[in-house]
Amino acid sequence: MVVDNKGRVTFVRVLKEDLSIIRVSPLDGQLIPDFKAGQFVTLGNYIENEKKIIRRAYSIASPPHQKKYFELLIRWVRKPLPGRLTTEIFNKLEGDDVIWVKPVGTFTINEKMHDGTPDNRRLVLMGGGTGLAPFVSYSLHLRKIQSHREIVILHGASYVDELSYKELLTDLEEESLDKGRDKWNFRYRASISRPQEWFNRSWGGQKGRVESFLKLDSTNDLSVLEELVGEKITPENTSFYVCGWQGTVDGALHYLVPKGFVTERNKRKDGSFDIKFESYG
C-alpha cells in the first residue's frame, strides 16, 4: 500500500524555462528515511480538475547522508502535451506543500562482484539530461565514505545551461587534484549535442551526445574516455552505469556490447555483468 508523507518545497533554483533543481523537506519534524544512492522518490499532488492525486518518480540527486531534504533535478515535460504532475511540481513555490513516498529502486552502486569479492572496477557514470541526478548522489555518497574507486562522470546535454551540476562536479574534480587520486579519484566531463546553435557559442568541450565519449578515434584507436583514463576500457577494469532517455542507453550499448560488456538484464552464466542502466521515455 502506498503511504503518502507530507512535505514542503524549501528551495527552488530555475536553471532555464523548463529545468529546475528543487528541494523537498518532510514536515512534522521527520527526517529523510534511509535510502541508497541511485534510488528515486515518488512525488504526488492533488490535481483539482481530475479530483485525484497524481504521482511520479524522480531520481534523488542528494546523497543518503543528507537527512533534511531530497534534492531533485526536474524537467518540465511540455510536448506533446504538458505533463500533468511535472507542470504542477515545476510551478511550485518555496513554501508550497507536496506529497512524497518513501524512496525505492534498484539503480544503486554494486559494491561486490558476482563471486562476492569487492568490485573495485572504475565507475563510469553516463547521464543524459536529467539522467545525471542519480550520479550526483553516487558521487557525494562515495566521497562521504572516502571511497578510493576511480569515478568518471560523463554528462550530455543540448545546451550549456542544462549542465545542471557543472560547478559542483568541477569542484569535486578539483578536490581530487588537490588531495591526490590515491585519496579521491574523480573526473567530470560534459558534452553538448547542439554546438552549432548560437546559445552554445562559447562551448569548447566535447561535441555530440554523451555516448560520443565512447566512439573510437580512427587515428589512435582510442575513445575520448580511454584517452582520459589512460588505458583501454574492458569489462575487467570498468563498470558502466547509464541513465537517461532510452536513446542514450541504446547509444551507449551500441559501443559497449561489441567490446564484450554485458548488462545486468543479460548476465553471463556465472552471474557477472558490467552495465547497469535506467531509462525513461
Side-chain angles (χ1 to χ4, degrees), residues 7-25 38 40-45 54-63 66 69-96 98 100 107 125-140 153-172 188-203 205-211 242-249 251 278-281:
R8 181 160 293 155
V9 175
T10 54
F11 173 88
V12 177
R13 179 185 175 194
V14 179
L15 302 174
K16 59 184 304 181
E17 62 182 2
D18 60 354
L19 188 66
S20 282
I21 293 173
I22 75 166
R23 292 175 182 171
V24 174
S25 297
F40 60 85
V41 64
T42 298
L43 298 187
N45 201 66
I54 301 296
R55 300 177 180 86
R56 292 290 183 271
Y58 297 95
S59 293
I60 304 169
S62 47
Q66 173 53 259
Y69 56 79
F70 298 110
E71 183 161 296
L72 310 170
L73 177 62
I74 295 182
R75 170 80 69 180
W76 177 26
V77 178
R78 294 185 292 173
K79 297 178 181 180
L81 294 172
R84 291 181 296 169
L85 184 65
T86 54
T87 299
E88 294 284 334
I89 297 298
F90 203 83
N91 288 325
K92 291 284 186 185
L93 304 177
E94 293 180 5
D96 285 351
V98 68
W100 60 275
F107 190 61
L125 315 175
M126 300 182 64
T130 57
L132 176 67
F135 302 141
V136 176
S137 183
Y138 278 27
S139 301
L140 295 175
I153 283 192
L154 305 176
H155 184 209
S158 297
Y159 299 95
V160 294
D161 58 351
E162 295 174 347
L163 298 177
S164 44
Y165 285 93
K166 182 182 179 182
E167 183 176 353
L168 169 64
L169 299 175
T170 300
D171 286 347
L172 289 179
Y188 160 68
R189 296 293 182 274
S191 184
I192 295 298
S193 63
R194 300 180 181 181
Q196 74 282 359
E197 296 201 19
W198 183 86
F199 190 79
N200 292 326
R201 65 192 184 282
S202 64
W203 181 250
Q206 179 76 6
K207 298 177 177 63
R209 294 166 58 92
V210 67
E211 59 266 29
V242 187
C243 185
W245 293 107
Q246 186 60 46
T248 299
V249 174
E278 188 166 80
S279 65
Y280 48 83

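Index from 1, following the sequence.
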Please evaluate residues I89 and R56 with respect to the criterion side-chain contact (heavy atoms from CB on, under 4.5 Å), reporting the C-alpha separation (whole Å), side-chain torsions for both, the decisive distance (0.1 Å), and the verdict. CA-CA 10 Å; I89 297 298; R56 292 290 183 271; over 6 Å; no

Pair L85, Y58 - check side-chain contact (heavy atoms from CB on, under 4.5 Å), show working. CA-CA 11 Å; L85 184 65; Y58 297 95; 4.0 Å; yes

Would E162 and L15 count as a side-chain contact (heavy atoms from CB on, under 4.5 Å) if you check the C-alpha gap in whole Å, the side-chain angles of each, and the deciding distance to 0.1 Å? CA-CA 7 Å; E162 295 174 347; L15 302 174; over 6 Å; no

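In summary, E71 and R13 do not engage in a salt bridge, as defined by a charged side-chain N under 4.0 Å from a carboxylate O.
Annotation for F40 and A57: closest pair CD1-CB, 3.4 Å, computed over non-hydrogen atoms. Closest non-hydrogen pair, P134 versus F107, comes out as CG-CE2, 4.1 Å. The two residues V98 and G44 have their closest heavy-atom pair at CG2-O, 3.4 Å. Residues V249 and S279 approach most closely at CG2-CB, 3.8 Å, considering heavy atoms. Scanning all heavy atoms of the two residues, the minimum distance from L125 to S139 falls at CD1-OG, 4.3 Å. Heavy-atom minimum distance, Y159 versus E197: OH-OE1, 2.9 Å.
Without hydrogens or angle criteria, H155 side chain to M126 main chain gives no donor-acceptor distance under 3.5 Å. A distance-only check finds a donor-acceptor pair linking the side chain of S137 to the backbone of S62 [under 3.5 Å]. Between the side chain of N200 and the main chain of S158, a donor-acceptor pair closer than 3.5 Å is present. Remark: side-chain polar atoms of R75 are not paired, donor with acceptor, to backbone N or O of G129 under 3.5 angstrom.
In this structure, the separation between CZ on R55 and CG on L43 is 11.0 Å, given to the nearest 0.5 Å. Rounded to the nearest 0.5 Å, atoms CZ (F90) and CD1 (I22) are 9.5 Å apart. Between atom CG of residue L19 and atom OG of residue S164 there is a gap of 6.0 Å, rounded to the nearest 0.5 Å. Rounding to the nearest 0.5 angstrom, the gap separating the CZ atom in R84 from the CD1 atom in I54 is 4.0 Å. In this structure, CG on L154 lies 11.0 Å from CD on E211, to the nearest 0.5 angstrom. Going from atom OG1 of T87 over to atom CG of D18 covers 11.0 Å, rounded to the nearest 0.5 Å.
The aromatic rings of F70 and W100 sit perpendicular, their planes meeting at an angle over 60°, well past the 30° parallel limit.
Contact check for I21 versus Y165: side-chain heavy atoms found under the 4.5 Å cut-off. Between L172 and I153 the shortest side-chain heavy-atom distance does not fall below 4.5 Å. Side chains of L93 and V12 form no contact here, defined as non-hydrogen atoms less than 4.5 Å apart.
Between T130 and the choices L73, L72, I74, the side chain to side chain contact (heavy atoms under 4.5 Å, CB included) rule is met once, by L73.
Contacts of Y69 classified as ring pair (Phe, Tyr, Trp, His ring centres under 6.0 Å), with partners at least two apart in sequence or in another chain: none. Taking the side chain to side chain contact (heavy atoms under 4.5 Å, CB included) definition, one finds that K166 meets it with L163, T170, Y188, W203, sequence neighbours left out.
At most 12 non-hydrogen atoms from other residues, nucleotides or ligands lie less than 6.0 angstrom from CD of E167.
Q206 and S191 are not linked by any side-chain donor-acceptor pair at a separation below 3.5 angstrom, with hydrogens and angles left out of the test.
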